[in-house]
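Positions are given from 1 along the sequence. We use all heavy atoms of the structure for the numbers below, so side chains are in, but hydrogens, waters and symmetry mates are not. The structure displayed is predicted, hence computed values, not measured ones.
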Amino acid sequence: MVKIVTYNVNGLRPRVAQHGSLRRLLDALDADIICFQETKLSRQDLSADVIMAEGYEAFVSCNRSSKGRGAYSGVATFCRVTSSFSSQEVALPVAAEEGFTGLQDYAKNSETVGDFIIAMPVEEEGLGEITREDLLRVDNEGRCIITDHGHFVLFNIYGPAVEEDDKERVRFKLLFYKILQKRWEHLLALGKRVFVVGDLNIAPASIDRCDAPPGFEKQMFRVWMRSMLREHGGPFFDAFRSKHPERTGAYTCFNQKIGAEEYNYGSRIDHILISGSCLHHCDSVEYHNIFCCHVEECEIMNHFKRGNSENLSKWKGGRSNKLEGSDHIPVYILLKEIPELPVHNIPPSAARYLPEVRGRQQSIVSFLDKGKIYELQNAANLIQSGDIVGHSYCSDNMENRTIAKEGLTTGITQFAKGGNLPSLMRKGTDLDQLTNECIIGISHSSQRASLSSTKFVPKKKIKSNLSSQPTIKSFFQRPGSKTVNASTSTSTLVTPAEKVDLTNQTCVPNDDSLHENMQCTTSAAEDQDNTNASSCSLSADKSNGAALEWQRIQQKMKMTLPRCKGHREPCIPRSVKKGPNIGRLFYVCARAQGPASNPEANCGHFQWAPGKSKEKRQ
């Protein structure tokens, strides 16, 4: 069996963080070939933690456009293998290509000889008015990665999502699918089997959209996609719909801005399309094809945990909680009777060979320069470390040494950033000697302080404790409470070896020479803690008062908001974001969107607010 999964992750790095690691994410999907869309990774963002996982090989395509939109789109195909070399596994591709026009730079320089990698001249494609620049532009957004698995060629696609009034992006989407169609037709003419998986951003028929409006199927992209399907004379099987022709309510994408998943108000826009002959040796074409002979199952993975199940579908007061998982559901296909391939190795276009992941070759000079800067930065961090200073400011000349330490640290930091060395170091002073002298001088004071049985609170720590900034613990204290944590004060003023009760006892160091500077009492510490507790209690009172005031304001707002006609509940305010009424407020039902037949869902109430508003858009 060979299992293929397609999944719009809505950002690969957040999904990796959600599952704990890339390996755990891939293992959770449990497939031989996993196709991700909308990875939102640029070439600069590529790193081993989001690309490399033990037991998997990756092939990626990133956005190369210079529109200033940051990282968006992007696709990645992960192949589960036991060996990347001298392998017979179908999951390990024999060739791979970024993009689908054949014009990407590394595709031209690739040493692979797969038929589908060879870039065909534009005039042979029959694309007419489309120029080479158009091809490069449509292929620069990281929306396609192609892998040849011997028995079939797999297209991992992330189709553009456009609004009908955006003519430029509508033309882009038309061009995108027109070129793809030509590429598919060329491969099928060569006798290849073609699999197309991914988020195509097209729901082909009314059954694939909840409460599809009139004329839904007449939209140009839906007409085009249906023309590619077997039931309309095209070459492809829609694997899911062919397996479940009458199933309704089967959706893969939900608009989180309207809480669509709560009432299953979605669309099926994530697809698996397959075309080609079967792997059997027979003359009949009618019933012997890749779908009829080799597709065991195709299903939407509704039970796959995409995030926190408690927050995934909740809708509170018209504001959805931050979605912890993707707004798409994975889809899988299970293939049977797929034989092994001849022995082959991983293609050179794999992610493991990308310079962003593997690392760039450095010159000896740059390597030594970076080592010097790294050494200086370590020295600066070492000097700033509280472990070396020992939190002791008891020596008479400590202030002078502290000033010298800060100056040295500043100079080192400036040099590490490309500046000049401090004057003291430019005169031949050895870095190790200089830092050691500073560290030794500070360490002597720490050793002298450690001779006593007490560990003293540094001035900086006392200053921070007396500040007006409350701690988290203060919010759990009762107003007016001045309780001091005995364990905390004990651990602050005594060594771990001491277990005696120090309440109202004077703690004096054993070293007489340090008596004047290091004498301290627990009663002073208690006064300090009491002062801190009082300031924290005042801050907590202010915070509680602010929260109560905000609740009162919210309650008053609810009383002034109009109520929806369907549920007689307070509406939520919204504002127009474009057009002649931009900025104008209106009110809508606060419930999540759902089918019109569901009385619990949004009732569709709409009401303009009186006059225009210049308030910040929500």
Side-chain angles (χ1 to χ4, degrees), residues 1-6 31-35 59 77 79 88-97 100 102 112-118 120 125 144-157 159 177-198 200 204 224-245 270-299 331-342 344 347:
M1 293 285 187
V2 175
K3 183 179 179 181
I4 303 174
V5 166
T6 176
D32 300 290
I33 304 173
I34 300 170
C35 299
F59 303 85
T77 298
C79 306
Q88 293 182 288
E89 297 171 89
V90 176
L92 183 68
V94 298
E97 175 187 348
F100 53 92
T112 52
V113 294
D115 293 335
F116 75 100
I117 280 188
I118 300 174
M120 296 169 291
E125 284 293 298
C144 179
I145 193 79
I146 311 173
T147 50
D148 186 351
H149 297 268
H151 299 306
F152 55 87
V153 178
L154 179 65
F155 283 72
N156 181 0
I157 299 293
Y177 283 119
K178 185 175 182 180
I179 299 172
L180 268 176
Q181 180 179 349
K182 292 294 182 181
R183 192 68 187 271
W184 298 336
E185 291 173 350
H186 176 78
L187 290 171
L188 291 172
L190 294 176
K192 295 281 187 178
R193 303 172 190 88
V194 177
F195 288 18
V196 179
V197 306
L200 303 187
W224 169 82
M225 184 170 177
R226 289 197 304 276
S227 71
M228 301 300 297
L229 303 180
R230 286 289 287 260
E231 53 266 34
H232 296 274
F236 288 97
F237 287 91
D238 180 345
F240 175 81
R241 188 54 67 194
S242 297
K243 282 289 184 181
H244 313 282
D270 301 86
H271 303 284
I272 297 178
L273 312 178
I274 63 174
S275 179
S277 61
C278 70
L279 298 173
H280 303 145
H281 299 285
C282 57
D283 298 329
S284 174
V285 181
E286 182 66 23
Y287 297 104
H288 286 274
N289 53 62
I290 188 67
F291 176 79
C292 296
C293 296
H294 300 285
V295 175
E296 180 75 14
E297 183 58 277
C298 183
E299 190 60 85
V331 182
Y332 79 89
I333 187 172
L334 194 61
L335 305 175
K336 60 184 179 180
E337 300 179 14
I338 305 296
E340 291 183 336
L341 297 175
H344 61 287

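With sequence neighbours excluded, no residue forms a side chain to side chain donor-acceptor pair (under 3.5 Å) with E231. Taking H151 as the reference, nothing meets the ring-ring contact (aromatic ring centres under 6.0 Å, His included) condition, with sequence neighbours excluded. The ring-ring contact (aromatic ring centres under 6.0 Å, His included) search around F152 returns H149, F195, not counting sequence neighbours. Looking at residues two or more places apart in sequence or on another chain, you find no ring-ring contact (aromatic ring centres under 6.0 Å, His included) involving H232. Every residue two or more places apart in sequence or in another chain that forms a side chain to side chain donor-acceptor pair (under 3.5 Å) with N156 is listed here: Q37, T77.
Separating the OG1 atom in T6 from the CD1 atom in I34 is a distance of 11.0 Å, to the nearest 0.5 Å. Distance check: I145 CD1 to L154 CG gives 10.0 Å after rounding to the nearest 0.5 Å. Atom SG of C298 is separated from atom CD1 of I333 by 5.0 Å, given to the nearest 0.5 angstrom.
Two residues are said to be in side-chain contact when any heavy atoms from C-beta on lie closer than 4.5 Å; M225 and L273 meet this criterion. With contacts defined as side-chain heavy-atom distances shorter than 4.5 Å, the pair I274/R193 does not qualify. No side-chain heavy atom of R241 sits under 4.5 Å from any side-chain heavy atom of P204. You'll find the side chain of H280 reaches within 4.5 Å of the side chain of H294, heavy atoms only. Contact annotation: the side chain of I179 never approaches that of R183 to less than 4.5 Å [non-hydrogen atoms, C-beta and beyond]. Counting only heavy atoms from C-beta outward, the side chains of F59 and P347 approach each other to under 4.5 Å. Taking the side chain as every heavy atom from C-beta outward, F237 and N289 approach each other to under 4.5 Å. Side-chain contact between E299 and H244 is present, with heavy atoms from C-beta onward closer than 4.5 Å.
Applying the salt bridge (charged side-chain N to carboxylate O under 4.0 Å, His left out) definition to pairs two or more places apart or across chains, those involving residues 333-342 are E296-K336.
A side-chain contact (heavy atoms from CB on, under 4.5 Å) with Y332 is found for exactly one of I272, I33, V5, V197, namely V5.
For D148 (side chain) and V153 (main-chain N/O), no donor-acceptor pair under 3.5 Å exists by modelled atom type.
A cation-pi arrangement is present between K243 and F291, with the terminal nitrogen or guanidinium carbon under 6.0 Å from the aromatic centre and inside a 45° cone about the axis.
What you find for H344 and L92 is that their closest heavy atoms are NE2-O, 2.7 Å.
Ring orientation note: the planes of W224 and Y177 are tilted relative to one another, at an angle of 30° to 60°.
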